[in-house]
Amino acid sequence: MDDLHAPTVASGPTSQATANGTSKRLPLQELISQKENLEAELSALGSVLDSHGVNMNTSLTTFDGFPRADIDVAQIRTTRSRIIRLKNDHKALMDQLDLTIQEHFAAGKGVEASTPASETQAGCRNISSNSAIEPPFARVNTVAPNSPAEQAGMKPGDKVTRFGTANFSNHERLGKVAQVVQLNENRTIAVKVLRDASANAIELTLIPRRNWGGRGLLGCHLVPL
């Protein structure tokens with residue numbers, strides 16, 4: 001009997017076309033769109049496995065080696081196969097996206113800050129360096145009163161371009177942001193945001209902490225872009 005745990009069922013075409021073994025270079029916005037589509041499909045496929053109560057490593061056979069009767073083994077194998085292929089696509093896409101972003105801004109296509117740096121209230125300042133502003137990956141949805149986020153100067157509608165070491169290319173659907181917060185409780189985190197129609201990024205100083213009077217370490221809700 002074939003190994004039931006191996007996801008060998010054909011999973012359809014991958015999300016990226018290749019020709020003669022080389023990947024076609026795509027525009028930045030198309031790469032961003034593909035990234036979002038890949039992550040949405042991976043999330044949906046993960047929900048399929050969750051609905052069966054299994055993950056990528058759950059055994060599909062009984063103790064004596066027969067296929068389990070309480071789950072749809074064929075669907076799970078197909079889903080696992082698709083997830084593996086999409087994860088490979090996602091890794092290759094992120095590599096290409098990272099390179100394209102670097103080339104994009106190296107060519108001077110990024111928005112550049114032009115006004116002098118100025119200190120503002122709540123520990124934030126405009127960034128006046130000549131380096132191009134990074135693309136945002138999250139939006140601030142809500143900010144709780146008296147929270148660490150409010151004290152840092154975060155406002156609803158701010159678009160986050162950097163959160164500690166998390167940025168557009170590595171935030172992993174904000175999973176990296178959660179990791180940065182957990183590792184830096186009561187420590188300073190540099191956060192950069194874009195606000196309104198301003199061409200300047202704003203740098204905030206955020207200190208995650210407990211016992212501020214509300215839930216969580218930040219007191220704000222971020223949503224991925």
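Keep in mind that this is a model prediction, so the values were computed, not measured.
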Taking atom [atom1] of [X] and atom [atom2] of [Y], what is their separation to the nearest 0.5 Å?
| X | Y | atom1 | atom2 | answer |
| --- | --- | --- | --- | --- |
| Thr161 | Leu194 | OG1 | CG | 5.5 Å |
| Lys192 | Glu203 | NZ | CD | 5.5 Å |
| Leu206 | Gln151 | CG | CD | 9.5 Å |
| Ser51 | Ile71 | OG | CD1 | 10.5 Å |
| Leu45 | Arg85 | CG | CZ | 12.5 Å |
| Leu93 | Lys87 | CG | NZ | 15.5 Å |

With a 4.5 Å limit on heavy-atom distance, are the side chains of [X] and [Y] in contact?
| X | Y | value |
| --- | --- | --- |
| Arg82 | Thr78 | no |
| Gln96 | Gln34 | no |
| Ile84 | Met56 | yes |
| Ile83 | Leu49 | yes |
| Arg173 | Leu42 | no |
| Thr165 | Lys176 | yes |
| Lys155 | Val140 | no |

For residues Ile207 and Val160: do they belong to one hydrophobic cluster (side chain heavy atoms under 4.5 Å, members Ile, Leu, Val, Met, Phe, Trp, Tyr)?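 No, no single cluster joins them.
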Report yes or no: do Leu86 and Val48 belong to one cluster of Ile/Leu/Val/Met/Phe/Trp/Tyr joined by side chain heavy-atom distances under 4.5 Å?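 Shared cluster, no.
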Is Asp95 reaching over with its side chain to a backbone N or O of Ala92, donor-acceptor style, under 3.5 angstrom?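 Checking the backbone N and O of Ala92 against the side chain of Asp95, no donor-acceptor pair under 3.5 Å is found.
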Short side-chain to backbone donor-acceptor contact, Glu41 and Asn37, under 3.5 Å: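 Checking the backbone N and O of Asn37 against the side chain of Glu41, no donor-acceptor pair under 3.5 Å is found.
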Where [X] and [Y] come nearest, the two heavy atoms and their spacing:
| X | Y | value |
| --- | --- | --- |
| Gly153 | Asp158 | O-OD2, 4.2 Å |
| Ile189 | Gly164 | CG2-N, 3.6 Å |
| Thr58 | Arg80 | O-NH2, 2.6 Å |
| Asn55 | Asn57 | OD1-N, 2.8 Å |
| Arg68 | Ser59 | NH1-O, 2.9 Å |
| Arg77 | Leu60 | CG-CD1, 3.8 Å |

Once ring pair (Phe, Tyr, Trp, His ring centres under 6.0 Å) is applied, what residue pairs with a partner in residues 29-64 remain, sequence neighbours excluded?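 Counting only pairs at least two positions apart or across chains, no ring pair (Phe, Tyr, Trp, His ring centres under 6.0 Å) contact touches residues 29-64.
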Ring pair (Phe, Tyr, Trp, His ring centres under 6.0 Å): which pairs involve residues 137-164, sequence neighbours left out?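 Counting only pairs at least two positions apart or across chains, the ring pair (Phe, Tyr, Trp, His ring centres under 6.0 Å) contacts touching residues 137-164 are Phe137-His171.
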Side-chain donor-acceptor contact under 3.5 Å, Ser47 with Asp50: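 Checked: Ser47/Asp50 side chains show no N/O donor-acceptor pair below 3.5 Å.
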Can you give the donor-acceptor pairs under 3.5 Å from side chains of residues 211-225 to other protein atoms, not counting sequence neighbours?
{"residue": "Trp212", "atom": "NE1", "partner": "Gly216", "partner atom": "O", "Å": "2.9"}
{"residue": "His221", "atom": "ND1", "partner": "Asn141", "partner atom": "ND2", "Å": "3.1"}

